[in-house]
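Structure first, commentary second.
All residue numbers in this chain count up from 1 along the given sequence. First listed ligand is number 1; within each ligand, the first listed atom is number 1.
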Amino acid sequence: MIEVIEAVEKIALRIRDAFISEDVLYSHSINATGDVQLKLDIKSDLIVEEELSKVFTLKEIISEEKEKILEVNPNGKYTIAYDPLDGSSLADVNLSVGSIFGIYEGGLSGKHLKAAIYVIYGPRVELVVARENVEIYKLKLNNKFHFLKELHLKNKGKLNAPGGTQQYWASYHKEMIDSFFKEGYRLRYSGGMVPDLHHILLKGGGIFSYPGTDDKPNGKLRMLFEVFPFAYIYEKAGGYAIDGKNRILDLTPKHIHDTTPCFFGSKYEIDKVKEVYGKRMKVE
Ligand code: AHM
Ligand code: MG
């Protein structure tokens, strides 16, 4: 597994460098020599594919940016599913974005997840690795990641990050979100899953939700690339991740790009979601 983590460290450095390369960040057209210039998300996907293909323990890689599974090493044992640059539209306005990796062994479901990693590109670059524990590393000037601490969620937090288009929320979902605000929770939603979930994790608690809605009954966020890795990270940190009723890590996607409604948080908030969603699961 260490070889996978080392590959992610290299990826993080290369994507960090890609942000300050103007031709990558701002080009949406054909350059002077007639080449179609790369956008940041395409460039990030190429970087990830290049680095992960060199890792001998990886059998297959699955990118959020690609239709199909790519076999990289027939003798490898893990499949890695990744979102090379989650929330990439936020990079254009210079907000934090991230890369997410789920490492699966023996199948593609929540149960087969063996580790999860994400990188957050903010004012600092940080790496969070979940195996038995959840550890955060900070990138220093020597281009090495240094261990900072273990991350743990408390029983209850103060932050509320409600995703999805409000116009399409079910009435009971809206009431639940409002009830957190009435209890004093503060709105913290940047539109980037990585910074929003990182914020809650680092502050020790709160709730992030992306529900099923009229326009998107299965939510927006993808199981393999986004939801399972964060569910794993939250559980290992002492938190919870559910789809409303079920534990996220008990789910199995039918197709690699399947999405699911999702709620991540500490015990108090997730108990409340279970209570509300236990009674009414359908969008009204
Ligand atoms: P992306 O993978 O296309 O970037 O979309 C995922 C992002 C998440 O980071 C974020 O939580 C969500 O989309 C925000 O969606 P919305 O704009 O509907 O709130
Ligand atoms: Mg994404």
Side-chain angles (χ1 to χ4, degrees), residues 11 15 18-19 24-25 28 38-49 61-67 80-102 116-122 126 128 159-170 173-174 177 180 187-202 206-234 239 241-244 248 253 255-265 269 273 283:
I11 289 164
I15 293 181
F19 289 128
V24 172
L25 191 52
H28 299 282
L38 294 176
K39 283 189 192 171
L40 195 54
D41 42 8
I42 299 170
K43 175 74 181 172
S44 304
D45 192 35
L46 289 174
I47 291 171
V48 177
E49 182 181 331
I61 62 176
I62 318 176
S63 169
E64 196 195 279
E65 302 292 334
K66 292 184 180 51
E67 272 302 305
I80 189 159
Y82 63 91
D83 184 352
L85 200 61
D86 182 65
S88 54
S89 65
L90 295 176
D92 268 347
V93 293
N94 204 19
L95 288 179
S96 297
V97 290
S99 305
I100 314 168
F101 304 85
I117 309 173
Y118 71 84
V119 181
I120 178 162
Y121 311 95
E126 290 176 342
V128 173
L159 307 182
N160 187 4
T165 310
Q166 295 195 24
Q167 181 187 5
Y168 300 120
W169 284 353
H173 180 79
K174 181 169 171 34
I177 295 296
F180 284 119
L187 174 65
R188 292 290 183 270
Y189 190 77
S190 74
M193 180 182 198
V194 175
D196 289 335
L197 281 165
H198 186 72
H199 195 164
I200 292 169
L201 192 56
L202 270 283
I207 175 164
F208 173 98
S209 49
Y210 207 107
T213 50
D214 280 350
D215 61 332
K216 290 177 185 153
N218 290 319
K220 173 184 183 188
L221 300 172
R222 296 91 171 165
M223 291 193 218
L224 289 182
F225 314 105
E226 296 162 326
V227 179
F228 287 167
F230 269 108
Y232 190 88
I233 292 163
Y234 264 55
I242 61 169
D243 68 355
I248 291 281
H255 304 287
I256 58 174
H257 289 276
D258 280 356
T259 62
T260 178
C262 52
F263 302 82
F264 301 87
E269 296 85 3
V273 177
V283 174

For ligand 1, which atoms sit closer than 4.0 Å to a heavy atom of Tyr210?
15 (O), 16 (P), 18 (O), 19 (O)
List ligand 1 atoms under 4.0 Å from Glu226, heavy atoms only on the residue side.
2 (O), 6 (C)
Using a heavy-atom cut-off of under 4.0 Å, does the side chain or the backbone of Val194 touch ligand 1, or both, or neither?
neither
Using the side-chain contact (heavy atoms from CB on, under 4.5 Å) rule, pick out the option among Asp45, Ile62, Leu224 that qualifies with Tyr82.
Asp45
Between Thr259 and Asn218, a side-chain donor and acceptor under 3.5 Å
no
From the candidates Glu65, Lys220, Met193, the one that places a heavy atom nearest atom 8 (C) of ligand 1:
Met193
Under 4.0 Å from ligand 1, counting heavy atoms only, is it the side chain of Phe208, its backbone, both or neither?
side chain
Under a 4.0 angstrom heavy-atom cut-off, which atoms of ligand 1 come close to Tyr189?
14 (C), 15 (O), 16 (P), 19 (O)
Of all the atoms in ligand 1, which lie at a distance below 4.0 Å from a heavy atom belonging to Glu64?
2 (O)
What heavy-atom pair brings Asp83 and Glu64 nearest, and what distance separates the two atoms?
OD2-OE1, 2.6 Å
Do other residues, nucleotides or ligands put more than 12 heavy atoms under 6.0 Å from the NZ atom of Lys174?
no
Parallel under 30°, tilted from 30 to 60°, perpendicular over 60°: which one fits the rings of His257 and Phe225?
tilted
Relative to each other, are the rings of Phe264 and Tyr234 parallel, tilted or perpendicular (30° and 60° limits)?
perpendicular
Can you find an N/O atom of Gly163 closer than 3.5 Å to an N/O atom of ligand 1?
no
Is a side-chain N or O of Asp86 found less than 3.5 angstrom from the main chain of Gly192, in a donor-acceptor match?
no
Under 4.5 Å between any side-chain heavy atoms of Ile15 and Ser99, yes or no?
yes
For ligand 1, which atoms sit closer than 4.0 Å to a heavy atom of Asp83?
2 (O)
Proximity flag Phe225 to ligand 1, non-hydrogen atoms under 4.0 Å
no
Atoms in ligand 1 with a heavy atom of Arg222 nearer than 4.0 Å:
1 (P), 2 (O), 3 (O), 5 (O), 6 (C)
For Gly192, the atoms of ligand 1 under 4.0 Å from one of its heavy atoms are 9 (O)
